[in-house]
Amino acid sequence: HPFPTRCSSVLAYLQSLQAIDGIIQNSQPIFVLIWIGSLLTLVMWGVYECRRHKKLVVPDLGIALFGLVGHVITVAGNVPLNNSLHSLDLDNYDDNSLAQERTIFEKPWNLYNNIRTALFGIVSIYLLIKLLLHNPTIDDRSEEDAAVSGDGLSTSPYTSYQNTSV
């Protein structure tokens, strides 16, 4: 219903959430790309780190698990609540019933969302720190490359100007 038949903040709240969920459930490509892409990026990063270090790095594994738990909470907690809310015909509820449905939905949904926010926040901060501290011109070179160049400095074309003398 584009225009509610009665005006209630609880009704407007629930209808807004239904509308948002309806957009998401219609498989909006940008939303799906971001949600699935974040999971795929986390998996690809984990594989990259394991191959780069030739071992499993415990903090990296922990962060990957945080990301996985965040996605599991979404699928097991938030999505069923969204589906339940989406199935309600809100126009057939009185104000007391609407308030009860909001409480049934809102408290657990917010709890799950707060947990997901904390987990994904930790994951994001960790990955940003790893990205900022990672220097591919030095970190990814093998010891043989450093020995061949003889100077221990990067032979990257972007840093080669440092090795030239006039």
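Heavy-atom minimum distance, G70 versus L119: N-CD1, 3.8 Å. Smallest separation of non-hydrogen atoms from V123 and G67: CG2-N, 3.7 Å. Between P80 and T74, the closest heavy-atom pair is CD-O, 4.4 Å. Closest heavy-atom contact between I23 and Q28: O-CG, 3.0 Å. Taking every heavy atom of both residues into account, L42 and I63 meet most closely at CD2-O, 4.4 Å.
Between the CG atom in L81 and the CG atom in D21 there is a gap of 10.5 Å [rounded to 0.5 Å]. The line from CD1 of I24 to CZ of F31 is 4.0 Å long, rounded to the nearest 0.5 Å. Remark: I73 CD1 to N113 CG distance equals 10.0 Å, nearest 0.5 Å. Rounded to the nearest 0.5 angstrom, N83 CG and N78 CG are separated by 11.0 Å. The CG atom of N92 sits 10.0 Å away from the CG atom of L98 when rounded to the nearest 0.5 Å. Separating the CG atom in L11 from the CG atom in D91 is a distance of 6.5 Å, to the nearest 0.5 Å.
Remark: R116 qualifies as a cation-pi partner of W109 under the 6.0 Å distance and 45° angle criteria applied to the six-membered ring.
Between H71 and W35, the ring planes lie tilted relative to each other; the angle falls in the 30° to 60° range.
Other residues, nucleotides and ligands contribute only 12 or fewer heavy atoms inside 6.0 Å of the CD atom of Q100. Environment of CG in L128: crowded, with over 12 heavy atoms of neighbouring residues, nucleotides or ligands closer than 6.0 Å.
Under the 4.5 Å side-chain heavy-atom criterion for grouping Ile, Leu, Val, Met, Phe, Trp and Tyr, L111 is connected to V69 within one hydrophobic cluster. If you chain together hydrophobic residues whose side chains sit under 4.5 Å apart, Y112 and V79 never meet in one group. Under the 4.5 Å side-chain contact rule for hydrophobic residues, Y13 and L85 share a cluster. When hydrophobic clusters are built by joining Ile, Leu, Val, Met, Phe, Trp and Tyr residues whose side-chain heavy atoms come closer than 4.5 Å, directly or via intermediates, W45 is not grouped with F120. V75 and L68 are assigned to two separate hydrophobic clusters, defined by single-linkage of ILVMFWY side chains at heavy-atom distances under 4.5 Å.
Counting heavy atoms from C-beta outward, L90 and E101 have side chains that stay 4.5 Å or more apart.
Donor-acceptor pairing under 3.5 Å is recorded for the side chains of D94 and S97.
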